[in-house]
Participant: 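Below you will find the structure I want to go over with you.
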Amino acid sequence: MLCEYLSAIPRAIAADEKKLRQILINLSGNAVKFTEVGGVTFQLKT
């Protein structure tokens, strides 16, 4: 899995930490699970 930062990431965001963590876990898990060929890339942009 590859993570690309397209711009500067803010030092802090206003969000529910547990829910955000679960969303990212679900996204990455599903991406890996359903990608048979190739790879998974997360692109973070603010």
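Bear in mind the structure is a predicted one, so any value in this text is a computation, not a measurement. Numbers here are sequence positions counted from 1. The analysis underlying the following values was restricted to heavy atoms, covering all of them including side chains, and did not include hydrogens, waters or symmetry mates.
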Participant: In Å, rounded to the nearest 0.5 Å, how long is the span from CG of Leu27 to CD1 of Ile23?
Facilitator: 7.5 Å
Participant: Rounded to the nearest 0.5 Å, how far does CG of Asp16 lie from CD of Gln22?
Facilitator: 11.0 Å
Participant: Which atom names give the shortest non-hydrogen contact between Val32 and Val40, and what distance separates them?
Facilitator: N-CG2, 4.0 Å
Participant: State whether the side chain of Ser28 and the backbone N or O of Ile25 hold a donor-acceptor pair below 3.5 Å, judged by distance alone.
Facilitator: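 Confirmed, Ser28 side chain pairs with Ile25 backbone.
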